[in-house]
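Read the structure below first, then the notes.
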Amino acid sequence: KLSAAATKMILKHVNVEPLSGARRYISLHSLGGNVNDDQKRRYSCFAYRDKPFLMQYQAWWTKPELDTECLAWVNNFRDAMHLDKDGKPLYTEGAFINFPDRDLVKTNVQKVLMEPYYGEQNLEKLMRIKNEVDPRGVFDFPMGIPRS
């Protein structure tokens, strides 16, 4: 369940003044069923199986001059839902790798960048596997699993 404060924060961000040539919204993706199957945890590195849904902050626009405003809307919304003013978790945590966010973590350190997507424990497991099956880094890319 979303708290009243979380709901208020969502409404604050989705009820902004419309922009001509842009759409800004949130998608809620329901989880449950096989996602919650504890047996699947052994074979999957999806870190948020116990959550009721995923939130996806989205903005689509047609004019390059809207880049700054639309990206700021996504970043501000995400940050308002994720951390309080002291940097402590607020309403949401982590991230889903199918919704990559280049501004989620302000770093170029690939391991730190990928931790919100997999969780620290799962990322360590994936890194061990990556080192075994791809020791030369053939499949390396900025949002990929780091080797070390």
Side-chain angles (χ1 to χ4, degrees), residues 1-130 139-148:
K1 291 184 177 182
L2 286 172
S3 69
T7 302
K8 184 176 178 180
M9 185 67 70
I10 290 170
L11 291 173
K12 172 185 172 186
H13 285 86
V14 297
N15 287 330
V16 294
E17 189 70 31
L19 284 176
S20 177
R23 293 176 50 218
R24 298 172 293 176
Y25 57 96
I26 184 174
S27 294
L28 300 175
H29 302 267
S30 178
L31 297 177
N34 280 337
V35 171
N36 291 331
D37 184 343
D38 282 336
Q39 292 298 317
K40 303 235 189 281
R41 291 179 196 274
R42 292 180 30 202
Y43 306 105
S44 169
C45 286
F46 181 57
Y48 307 103
R49 290 185 173 279
D50 57 337
K51 304 301 177 193
F53 57 87
L54 301 173
M55 287 183 167
Q56 183 180 16
Y57 312 101
Q58 298 189 68
W60 304 86
W61 59 98
T62 57
K63 303 175 205 168
E65 59 269 19
L66 295 175
D67 290 2
T68 300
E69 189 166 359
C70 289
L71 289 172
W73 179 86
V74 169
N75 291 337
N76 292 336
F77 194 175
R78 179 207 56 236
D79 292 348
M81 293 297 292
H82 187 67
L83 300 173
D84 69 13
K85 63 181 171 62
D86 298 319
K88 294 179 184 162
L90 194 57
Y91 308 118
T92 63
E93 64 180 299
F96 184 49
I97 194 62
N98 287 19
F99 310 151
D101 184 343
R102 68 180 181 190
D103 297 323
L104 179 64
V105 180
K106 313 297 189 247
T107 185
N108 290 328
V109 178
Q110 194 172 10
K111 182 178 178 187
V112 176
L113 177 64
M114 299 313 296
E115 280 181 358
Y117 295 98
Y118 298 104
E120 187 175 346
Q121 183 178 3
N122 290 338
L123 184 58
E124 292 294 332
K125 177 181 175 182
L126 287 169
M127 289 171 59
R128 284 192 305 273
I129 294 168
K130 168 84 174 188
F139 297 103
D140 285 355
F141 59 98
M143 291 289 293
I145 304 300
R147 286 180 284 135
S148 57

Quiz prompt | Residues forming a side chain to side chain donor-acceptor pair (under 3.5 Å) with N75, sequence neighbours excluded | solution = R78, D103
Quiz item: What distance do N108 atom CG and Q110 atom CD have between them, rounded to the nearest 0.5 Å?
Solution: 10.5 Å
Practice problem: Heavy atoms only: give me the nearest A47-G119 pair and the separation to one decimal. | Solution: CB-N, 4.0 Å
Self-check item: Minimum heavy-atom distance V74-A59, with the two atoms named
Solution: CG2-CB, 3.8 Å
Practice problem: Can you sort out the partners of F96 under ring-ring contact (aromatic ring centres under 6.0 Å, His included), two or more places apart, ordered by chain and number? | Solution: F46, F99
Quiz prompt | W73: side chain to side chain donor-acceptor pair (under 3.5 Å) partners, not counting sequence neighbours | solution = none
Quiz item: Which residue pairs pass the salt bridge (charged side-chain N to carboxylate O under 4.0 Å, His left out) test when at least one of the two sits in residues 115-130, sequence neighbours left out?
Solution: K111-E124, K130-D134, K130-D140
Practice problem: Apply side chain to side chain contact (heavy atoms under 4.5 Å, CB included) to the pair K51 and T92, showing each step before the final yes or no. | Solution: CA-CA 10 Å; K51 304 301 177 193; T92 63; over 6 Å; no
Quiz prompt | Flag if over 12 foreign heavy atoms under 6.0 Å of CZ, F53 | solution = yes
Practice problem: Evaluate the side chain to side chain contact (heavy atoms under 4.5 Å, CB included) criterion for residues L126 and M114: first the C-alpha distance (whole Å), next the side-chain angles of each, then the deciding distance (0.1 Å), finally the verdict. | Solution: CA-CA 11 Å; L126 287 169; M114 299 313 296; over 6 Å; no
Practice problem: Return the set of residues passing side chain to side chain donor-acceptor pair (under 3.5 Å) with T7 (not counting sequence neighbours), or none when no residue passes. | Solution: none
Name every donor-acceptor pair, under 3.5 Å, that has one atom in a side chain of residues 11-25 and the other anywhere in the protein, sequence neighbours excluded.
unit_1: H13; atom_1: ND1; unit_2: M9; atom_2: O; d: 3.0
unit_1: N15; atom_1: ND2; unit_2: L11; atom_2: O; d: 3.2
unit_1: R24; atom_1: NH2; unit_2: E17; atom_2: O; d: 2.5
unit_1: Y25; atom_1: OH; unit_2: Q58; atom_2: OE1; d: 3.2
unit_1: Y25; atom_1: OH; unit_2: W60; atom_2: NE1; d: 2.7

Self-check item: Point-to-point distance, once rounded to the nearest 0.5 Å, from SG of C45 to CD1 of I97
Solution: 11.5 Å
Quiz prompt | Min side-chain heavy-atom separation I10-Y91 under 4.5 Å | solution = no
Quiz item: If you draw a 6.0 Å radius around NZ in K106, do more than 12 non-hydrogen atoms from other residues or ligands fall strictly inside?
Solution: yes
Quiz item: Under a 4.5 Å cut-off applied to non-hydrogen side-chain atoms, are I26 and Q56 in contact?
Solution: no
Quiz item: Do you know which two heavy atoms are closest between D67 and W61, and how far apart they sit?
Solution: OD1-NE1, 2.6 Å
Practice problem: Please tell me if the side chains of N122 and S44 come closer than 4.5 Å, counting only heavy atoms from C-beta onward. | Solution: no
Exercise. Would you check, one step at a time, whether the test side chain to side chain contact (heavy atoms under 4.5 Å, CB included) holds for Y57 with N76?
Key: CA-CA 10 Å; Y57 312 101; N76 292 336; over 6 Å; no
Exercise. Check whether any side-chain heavy atom of R49 lies under 4.5 Å from a side-chain heavy atom of L31, and answer yes or no.
Key: no
